[in-house]
Amino acid sequence: MSQTTKSGQAPRIGLVSLGCPKALVDSERIMTTLRAQGYAFSRDYQGADLVLVNTCGFLDSAKQESLEAIGEALNENGRVIVTGCLGVEEEMIRETHPNVLAVSGPHQYEAVVGAVHEHLPPVPNKFVDLVPEQGLKLTPRHYAYLKISEGCNNRCSFCIIPQIRGDLASRPAASVISEAERLVKAGTKELLVISQDTSAYGLDLKYATSPYKGRQVAARFYDLAKELGDLGAWVRLHYVYPYPHVDQVVELMAEGTVLPYLDIPFQHASPNVLKAMRRPANHEKTLDRIKKWREICPDLTVRSNFIVGYPGETEEDFEFLLDWIEEAEIDRAGCFEYEPVTGAKANELPGVVPDEVKRDRFERLMEVAQDISAHQLSKKVGRTIEVLVDDVLPDRNRAVARSKWDAPEIDGQVLVDNATGVKPGDMISVTVTDSDEYDLFAVPAAVN
Ligand code: SF4
């Protein structure tokens with residue numbers, strides 16, 4: 001069963017979290033994942049489209065408290081998903097409260113998130129969502145998405161995010177840093193910072209400070225990046241727009257505080273198409289800016305996404321884009337063929353590009369992107385680098401890992417041979433022995 005949201009906006013969840021610090025970490029992980037998938041949270045029952053109750057079942061009194069909390073949520077809201085320790089006693093819960101939508105036990109993140117998707121589907125937008133439409137699975141415990149704001153002040157013509165999620169609404173810095181700190185304490189090795197417009201973070205709050213561990217931290221992109229970097233995990237920045245103040249953050253990359261990786265959704269480079277898209281960037285200044293960033297931080301990897309076949313895109317516009325991608329040396333490029341999004345202004349634009357032309361441009365762009373990627377990766381051969389292990393293939397004695405230049409799900413991998421004794425979540429030192437279009441090949445540094 002699915003339903004539309006009460007407000008007609010981003011789906012909203014109310015969360016009641018009972019129990020010990022471990023249950024709190026569970027709640028935090030569930031919230032982090034759902035937030036990354038576009039859900040918003042409501043502080044009261046009335047504003048929520050459904051309520052998640054994370055229960056405790058350790059003592060009888062805690063069980064009773066949990067059952068009461070479920071009852072209250074059912075009375076006040078009516079749509080309730082139960083998870084946590086008491087969830088192992090599903091029969092007992094259903095006897096008392098037959099109308100709960102779903103029940104799962106402690107640490108069953110996938111089951112909770114799956115139940116939320118079933119009863120309150122997310123609103124995906126493939127042009128702007130990092131978390132892939134098909135990949136609404138929970139991240140492994142060694143990395144986590146950290147959403148720093150909701151909504152967006154831009155009005156790109158192909159996008160309905162501002163209609164669905166409203167204008168930019170940043171979380172106070174202390175709230176983001178506390179969540180990140182709890183994740184790192186619970187074993188997260190990599191924080192993937194996301195929002196719709198990361199470099200605009202805090203603008204709506206007028207960069208207000210909030211108290212964190214006895215000091216005031218400003219809701220400002222640079223300050224937040226530095227604070228997160230100081231937690232000791234990898235910090236990867238997604239959806240950064242090339243505004244001038246990003247230069248300062250690139251300095252943090254050069255000094256190793258945050259990863260030398262910028263995900264900038266350029267979407268196009270031709271001035272005509274950018275104008276039709278109503279994008280907030282100027283292509284020439286952007287090229288200069290990327291060059292400057294590479295001077296500040298030579299190790300920088302730039303990832304971007306592009307849309308081909310936008311209404312009105314001519315062959316000339318497209319070739320301009322290809323040249324621009326080459327000149328900017330976009331290390332990692334993703335591409336979508338344009339398709340209309342219901343409710344978007346772009347649907348009214350003239351000059352619809354035929355499907356076969358879109359496909360042809362997609363293939364040509366990916367060919368150029370592949371050549372650049374292969375060239376950039378070949379420069380890494382011979383280097384000794386740190387990698388984070390995502391998976392192991394014991395029968396091949398191989399670890400599937402990522403370097404600081406690879407975001408999970410969307411970029412390449414580092415395939416490490418002779419990886420005896422290595423586990424997912426390990427951070428190991430490897431020497432790069434080879435490369436191809438998207439991946440690096442390596443062996444543990446000690447045995448090379
Ligand atoms: S920057 Fe543009 S594409 Fe991205 S969320 Fe805002 S309006 Fe949508």
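Counting starts at 1 for both ligands and their atoms, in listed order.
- At a threshold of 4.0 Å, the pair R294-D331 counts as salt-bridged, since one of the basic side-chain nitrogens sits closer than that to a carboxylate oxygen.
- Contacts of Q267 with ligand 1, taken as heavy-atom pairs under 4.0 Å, are absent altogether.
- Between T198 and the choices V246, V240, I264, the side-chain contact (heavy atoms from CB on, under 4.5 Å) rule is met once, by V240.
- Note on ligand 1: Y239 sits outside its first shell, no heavy atom being nearer than 4.0 Å.
- When the options V416, D436, V381 are evaluated for a side-chain contact (heavy atoms from CB on, under 4.5 Å) with F441, the one that passes is D436.
- Heavy-atom proximity to Y241, at under 4.0 Å, picks out these atoms of ligand 1: 1 (S), 4 (Fe).
- A salt bridge links R364 with D360: the distance from a Lys NZ or Arg NE/NH1/NH2 to an Asp or Glu carboxylate oxygen falls below 4.0 Å.
- For atom 2 (Fe) of ligand 1, the N/O/S atoms of C152 include none lying under 2.8 Å.
- Atom CD of E316 sits in a sparse spot, with 12 or fewer heavy atoms from other residues, nucleotides or ligands closer than 6.0 Å.
- For residue C156, no N/O/S atom approaches atom 8 (Fe) of ligand 1 to within less than 2.8 Å.
- Ligand 1 places these atoms under 4.0 Å from at least one heavy atom of Q196: 5 (S).
- Under 4.0 Å from ligand 1, the heavy atoms of P162 that appear belong solely to its side chain.
- R278 does not count as a contact of ligand 1, since none of its heavy atoms falls under 4.0 Å from the ligand.
- Across V308 and R361, no two heavy atoms sit closer than the pair CB-CB, 4.1 Å.
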